[in-house]
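To keep things clear, I will list the structure first and then write my remarks on it.
In what follows, every chain begins at residue 1, and chains take the letters A, B, ... in the order their sequences are listed.
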2 protein chains.
Amino acid sequence: MPLTLDALAILDAIDRRGSFARAAEELDRAPSSLTYAVQQMEAELDVLLFDRSGHRARFTPAGRVLLEEGRALLGAAQTLENRTRQVASGWEPRFALALEALLPWAPLVPLLDAFYALGQTTEIRVRQEVLAGSWDALVSGCADLVVAGGAPPPGAGVRTRPLGVLEFVFCVPPGHVLSRAGKPLTQAEVAAHRAVVIADTARNLPLRSAGWLQRQPRLTVDDLPAKLAAQQAGLGVGALPRWLAETEIAAGRLVGCAWAGGNPRETFYLAWRSGESGRALDWFVRALSQPGVFAGVFDAE
Amino acid sequence: MPLTLDALAILDAIDRRGSFARAAEELDRAPSSLTYAVQQMEAELDVLLFDRSGHRARFTPAGRVLLEEGRALLGAAQTLENRTRQVASGWEPRFALALEALLPWAPLVPLLDAFYALGQTTEIRVRQEVLAGSWDALVSGCADLVVAGGAPPPGAGVRTRPLGVLEFVFCVPPGHVLSRAGKPLTQAEVAAHRAVVIADTARNLPLRSAGWLQRQPRLTVDDLPAKLAAQQAGLGVGALPRWLAETEIAAGRLVGCAWAGGNPRETFYLAWRSGESGRALDWFVRALSQPGVFAGVFDAE
DNA sequence: CAATTCGTTCAAATTATTCGAACATGCCGC
DNA sequence: GCGGCATGTTCGAATAATTTGAACGAATTG
């Protein structure tokens with residue numbers, strides 16, 4: 001073990017304080033102890049780290065490289081130490097939260113702010129998933145906690161908590177024939193028009209369909225912004241979450257249509273694998289369950 | 001110093017060999033020595049790294065994090081050790097090569113391949129400089145070795161070695177009036193047309209002019225690709241290095257014009273600060289001096 | 001030129017680490 | 001179910017390592 005963190009810390013102190021003597025003072029060790037440690041390392045590496053020709057010792061080029069890049073090593077060691085302590089204290093090293101792509105990202109911001117304010121170094125990953133993709137991510141372990149719509153997959157192993165009901169508004173471009181119907185639309189009326197749908201991200205679970213008919217012509221896109229853009233551009237029609245549709249309709253970029261039997265709705269759930277525990281999981285379950293987090297997005301459950 | 005590289009290496013061996021006993025064998029130490037080191041680290045961190053409830057010790061989650069991320073630390077330490085030795089043996093930690101922007105990048109590729117094949121950790125930076133900018137980079141220390149055109153700056157301190165002569169072809173867009181001259185062009189004839197020139201990157205040395213007249217209208221761009229694009233787009237005229245002009249002329253994207261008194265030429269030099277030494281410098285001086293490196297770019301010197 | 005600061009050396013003291021033997025525990029084959 | 005085995009730990013002794021403080025020579029400072 002030619003390098004030791006202890007010796008790298010000595011180099012660091014020598015550089016910062018400017019001399020062996022002052023570094024020794026900072027480290028509460030005798031100067032000869034530093035001499036010993038440095039010579040030890042020089043012998044192991046078979047490299048001179050200091051130029052001792054003058055009165056005071058100066059770093060050689062090699063010594064300077066070891067000093068500077070050693071600092072990165074010391075920093076990484078410090079980080080690892082913190083991380084280990086936190087994992088031991090129950091905080092997960094990594095935590096993945098999957099959010100249904102139909103939901104806005106904004107409500108997460110204050111939540112993440114609050115989480116980071118705890119000072120934990122748990123690394124958060126937020127991923128967007130579509131339809132069954134959220135459940136898929138959960139059961140496959142790609143996500144530790146999901147906010148997903150529709151019924152959870154059978155076979156259990158998943159704990160859920162209902163969050164609220166998302167209402168959809170069927171939207172068409174301004175001037176579209178469907179906007180002139182004058183009465184609530186039915187599926188039969190809509191079937192002739194191209195639907196813009198978001199591709200399900202599920203890789204293992206059976207795909208779901210939502211808001212479109214099997215024989216309807218359709219344009220498939222990856223996410224909600226793409227769907228919105230496509231509908232704005234007049235490439236097709238389709239239902240949008242109310243929180244999004246409202247601003248678009250108010251801005252005149254889309255027209256909302258009534259739907260026969262009332263607007264479609266879907267219940268959304270918070271879900272995690274049963275049997276898992278961790279303080280980040282607990283924290284996020286509690287935080288996301290708080291009423292008001294998704295204010296303006298969900299109706300009362 | 002709660003973490004030590006030695007202890008991390010012990011964790012690594014325990015995981016790879018599957019038990020304290022076999023790890024001890026690999027490390028040529030008694031098993032109780034490993035127990036001691038692990039307990040030491042556990043005490044410093046105040047974290048249990050192994051679950052000792054069963055027959056054989058198993059990593060706790062915290063222990064596993066420390067193990068896995070500790071391996072990255074061990075790897076970095078090994079790299080730093082190599083690098084320190086290499087620097088001590090004369091290889092520069094960093095090496096900056098400035099290449100005149102009028103020259104193609106391609107000849108450097110096999111050279112860099114060969115350099116990296118040496119297994120050195122010297123970090124190479126290649127920068128493009130224009131006209132006096134190369135010399136400026138050299139004397140100011142921003143570059144350790146340059147391939148630059150024209151006379152080196154006075155005041156010495158710089159060693160040079162001629163590499164070859166770059167020939168320029170005066171190019172105009174297809175159909176341009178100058179292309180119909182029928183005889184070699186003179187500066188007076190060209191002066192009325194906008195010249196596309198590359199801005200000198202020098203920050204301290206006096207700027208140079210090349211290939212254009214003081215009173216000529218001009219469009220200044222940053223590099224050779226921009227100059228080429230501008231000339232192709234018919235924004236102006238100007239001399240291009242022969243290696244570049246030939247393909248453009250052959251493709252019909254530009255037209256080459258004869259120049260009164262023969263095409264302009266400029267000698268290019270390899271140059272470095274005298275008094276500096278280093279194995280990367282030696283290596284690159286030797287490699288770039290090899291005949292054939294710039295084949296097709298330079299004429300014989 | 002004296003006073004100071006510096007880094008090193010050396011022997012002694014102290015501390016940390018290692019070892020080996022003894023022990024307790026759980027696993028496996030019979 | 002019951003020895004045999006391999007495991008990891010404990011403990012005291014042995015060994016190796018680090019640390020200390022005093023002394024020294026060299027370079028710097030006022």
Problem - Lys/Arg-Asp/Glu bridge criterion (N-O < 4.0 Å) met for Arg17(B), Glu26(B) - result: yes
Exercise for the section: Would you confirm whether Thr122(B), through its side chain, and Pro93(B), through its main-chain N or O, come within 3.5 Å as a donor-acceptor pair? Expected result: no
Practice task
Taking only heavy atoms on the protein side, list every residue of residues 17-35 of chain B lying under 4.0 Å from any atom of DNA chain C, sorted numerically.
Solution key: Asp28(B), Arg29(B), Ala30(B), Ser32(B), Ser33(B)
Exercise for the section: May I ask you to evaluate whether Arg52(A) reaches the phosphate of dT8(C), defined as a side-chain N or O under 4.0 Å from OP1 or OP2? Expected result: yes
Fill in the blank from the handout: note: Asp51(B), atom CG; dT7(D), atom C1'; distance rounded to Å ~ 14 Å
Practice task
Could you walk me through whether Ser289(B) and Arg161(B) pass the side chain to side chain donor-acceptor pair (under 3.5 Å) test, one step at a time?
Solution key: CA-CA 8 Å; Ser289(B) 303; Arg161(B) 177 179 296 182; 2.8 Å; yes
Problem - Whole-Å gap separating P (dG7(C)) and CD1 (Ile10(A)) - result: 13 Å
Problem - Atom pair distance, as rounded to whole Å: NE2 in His55(A) and C1' in dT28(D) - result: 5 Å
Problem - Distance in angstrom units between Phe50(B) CZ and dG8(D) C1', rounded - result: 11 Å
Exercise for the section: Please state whether the phosphate of dT17(C), meaning OP1 or OP2, lies under 4.0 angstrom from any side-chain nitrogen or oxygen of Tyr36(B). Expected result: yes
Completion exercise
When rounded to whole Å, the CD to C1' distance for the pair Gln40(B) and dT9(D) reads 15 Å
Exercise for the section: Could you tell me how the ring of Phe284(B) sits relative to the ring of Phe95(B): parallel (under 30°), tilted (30 to 60°) or perpendicular (over 60°)? Expected result: parallel
Exercise for the section: Give a yes or no on whether the ring-centroid distance for Phe268(B) and Phe294(B) is below 6.0 angstrom. Expected result: no
Handout entry: Gln39(B) side-chain N/O to dG8(D) phosphate OP1/OP2 under 4.0 Å
Key = no
Problem - Rounded interatomic separation in angstrom, taking CG from Asp6(B) and C1' from dT18(C) - result: 12 Å
Handout entry: NZ/NE/NH1/NH2 to OD/OE distance under 4.0 Å, Asp12(A) and Arg16(A)
Key = yes
